[in-house]
Peer 1: 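After the structure tokens below, expect a handful of questions from me.
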Protein chains: 2
Amino acid sequence: MTMDRQLLLLGLLRAQEMHGYQLNEFIDEQMNFCVDLKRSTAYYLLDKLCRDGYVAEEVEREGNRPERKVYRITPTGEERFQELLRQNLAAYEPSVYAEDIGIIFEHQLAPDESLRLMRMRREAILAHRATMEALHVSLPPSHTAVIEHHLLHLDAEITWIDRLIATRSSHASPQATDTASS
Amino acid sequence: MTMDRQLLLLGLLRAQEMHGYQLNEFIDEQMNFCVDLKRSTAYYLLDKLCRDGYVAEEVEREGNRPERKVYRITPTGEERFQELLRQNLAAYEPSVYAEDIGIIFEHQLAPDESLRLMRMRREAILAHRATMEALHVSLPPSHTAVIEHHLLHLDAEITWIDRLIATRSSHASPQATDTASS
DNA sequence: GGGCGCATGTAATGAGTTACATGATTGA
DNA sequence: TCAATCATGTAACTCATTACATGCGCCC
């Protein structure tokens, strides 16, 4: 949602004033694993925050480099940050999962094929989990809680797909049942 | 994503041809817990599926009731369904979680308040979990896998927030630490 | 005749992305 | 001088939602 992106930008600018490019770099390098925010969208949002009075922009130029707009949070923005943060921490927004739709219709495929596809998904999840674990050591400890959050959800996803694979296996042809363990 | 909504509509129409209102009712009553699809959006998507040749519409009127457009899947639509289903089952799309953003800045609140807010969220999650469990018995067995999916993710969410609450508790004032157990 | 249910939409808006445009500096 | 990096944006588009519009039938 929009509010979370607003919270993110305000929170980052609160810690340190920045220009757009710098902010984008930071997000791309440090937060790509938990937020999805395109560069132009960030510029667009910064502009909006500015129009709403939550941040102030000041044009600056350093030597002969291209001019940059430095954004810093305003007192109204600080209030907004507090409000959004409290809201975010206290609320729970039920998610929708794309996986659910497929599962509703899954039984319309032959068990063998269905199994094959679900095993592919399983591999994809495991691969993603491995990269998350790697981040665990490479990123600063401030990210630990976030990474653990992702790992827990990934484990939930694995548990679920494993159950599905197990129940489907009992309906599949004997050859197909064993492919994963070979 | 769009593709999953397309898959959903095609899958439902594949099982049984329907008119828009009927489809909307079905989704609202049987699937509101796992998909979020507004009525006008459904009409809009049906129209789009029609223009793309995946479904055919036929105007029908029963007695004197308002006329309705009955949609049924075409052979191209059937192919599309197969393709989307296979794609959905085999792929894993990493999620982004709104909760992550709040946690990144959580330590900027006083531990007492942070705790209070996280406990509120915990309650909200538990409440939602209870309604999910209730669905478990009230909905047809075809939904079992989907509900279990949600329950697993909800449990992950609870485990996570409990850990956060536990670590935060050690920094909070003694009175605040115990509020939940009273 | 008044309100509810059936049935379909449109118009306006918002949120976000993609692809492109611009122009300067730096280093090979 | 050519490519890469720094830095900012716009224009066009898609997707989805909200709020509203319409009109008939049915039942009290």
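Hydrogens, waters and symmetry mates play no part in the numbers below; they use all other heavy atoms, side chains included. Chain letters run A, B, ... following the sequence lines, proteins first and then strands; every chain starts at 1.
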Peer 1: Less than 4.0 angstrom between a side-chain N/O of B:Thr2 and OP1 or OP2 of D:dA16, yes or no?
Peer 2: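 Answer is yes, contact under 4.0 Å.
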Peer 1: Closer than 4.0 Å, any side-chain N/O of B:Ser40 to the OP1 or OP2 of C:dT10?
Peer 2: no
Peer 1: Below 4.0 angstrom, N of the basic side chain to O of the carboxylate: do B:Glu123 and B:Arg119 qualify?
Peer 2: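 No, this pair does not count.
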Peer 1: Rounded to the Å, how far apart are A:Asp36 CG and C:dT18 C1'?
Peer 2: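 After rounding, the gap between these two atoms is 13 Å.
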Peer 1: In whole angstrom, what separates A:Leu46's CG from D:dA7's P?
Peer 2: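 My rounded result for the distance is 14 Å.
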Peer 1: Return no unless some side-chain N or O of A:Tyr43 is found under 4.0 Å from OP1 or OP2 of D:dT8.
Peer 2: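 Looking at the OP1 and OP2 atoms of D:dT8, one of them is under 4.0 Å from a side-chain N or O of A:Tyr43.
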Peer 1: Are any of A:Arg5's side-chain N or O atoms less than 4.0 Å away from OP1 or OP2 of C:dT17?
Peer 2: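 Checking A:Arg5 against C:dT17: at least one side-chain N or O falls below 4.0 Å of OP1 or OP2.
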Peer 1: Write down the distance between CG (A:Asp47) and C1' (D:dT10), rounded to a whole number of angstrom.
Peer 2: 11 Å
Peer 1: Could you please name the option among C:dT17, C:dG9, C:dT8 that lies closest to any side-chain atom of B:Tyr71?
Peer 2: C:dG9
Peer 1: B:Lys38 has an atom NZ; how far is it from atom P of C:dT8, in whole Å?
Peer 2: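 Distance, rounded to whole Å: 19 Å.
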Peer 1: Between B:Phe105 and A:Phe81, does the ring centre distance come in under 6.0 Å?
Peer 2: yes
Peer 1: Would you kindly give the CG-to-C1' distance between B:Asp28 and C:dA7, to the nearest whole Å?
Peer 2: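 In whole Å, C:dA7 C1' and B:Asp28 CG are 14 Å from each other.
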Peer 1: Return the nearest nucleotide to the side chain of A:Lys48; candidates are C:dA15, C:dT8, D:dT8.
Peer 2: C:dA15
Peer 1: Is the shortest distance from a Lys or Arg side-chain nitrogen in A:Glu99 or A:Arg121 to a carboxylate oxygen in the other one below 4.0 Å?
Peer 2: no
Peer 1: Start at the 5' end of DNA chain C and walk down; is the nucleotide closest to B:Glu25 or to B:Lys69 reached first?
Peer 2: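 Going by which nucleotide is closer to the 5' end, it is B:Glu25.
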Peer 1: To the nearest Å, give me how far apart CG (A:Asp4) and C1' (C:dG16) are.
Peer 2: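 Spelled out: CG on A:Asp4 to C1' on C:dG16 is 15 Å.
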Peer 1: Check whether any side-chain N or O of B:Tyr21 sits under 4.0 Å from OP1 or OP2 of C:dC6, and answer yes or no.
Peer 2: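 Yes, B:Tyr21 has a side-chain N/O under 4.0 Å of OP1/OP2 on C:dC6.
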Peer 1: Would you check if there is a donor-acceptor pair between the side chains of B:Arg72 and B:Gln16 at a distance under 3.5 Å?
Peer 2: no
Peer 1: Mind calculating the distance between OH (B:Tyr44) and C1' (C:dG14) to the nearest angstrom?
Peer 2: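 Atom OH in B:Tyr44 sits about 14 Å away from atom C1' in C:dG14.
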Peer 1: Check nucleotides 21-23 of chain D against the protein and report each pair of N or O atoms closer than 3.5 Å, with its distance, or say if there are none.
Peer 2:
none

Peer 1: Which residues pass the side-chain hydrogen bond (donor to acceptor under 3.5 Å, both in side chains) test with B:Gln22, not counting sequence neighbours?
Peer 2: B:His19
Peer 1: In terms of side-chain geometry, is the basic nitrogen of B:Arg86 or A:Glu113 positioned less than 4.0 Å from the acidic oxygen of its partner?
Peer 2: yes
Peer 1: Only distances under 3.5 Å count here; give the side-chain donor-acceptor pairs of residues 30-39 of chain A to other protein atoms, sequence neighbours excluded, each with its distance to 0.1 Å.
Peer 2:
from, atom 1, to, atom 2, distance (Å)
A:Asn32, ND2, A:Asp28, O, 2.6
A:Arg39, NE, A:Asp28, OD2, 3.0
A:Arg39, NH2, A:Asp28, OD2, 3.0

Peer 1: Figure out the CG/P separation between B:Asp52 and D:dT14, and round it to whole Å.
Peer 2: 12 Å
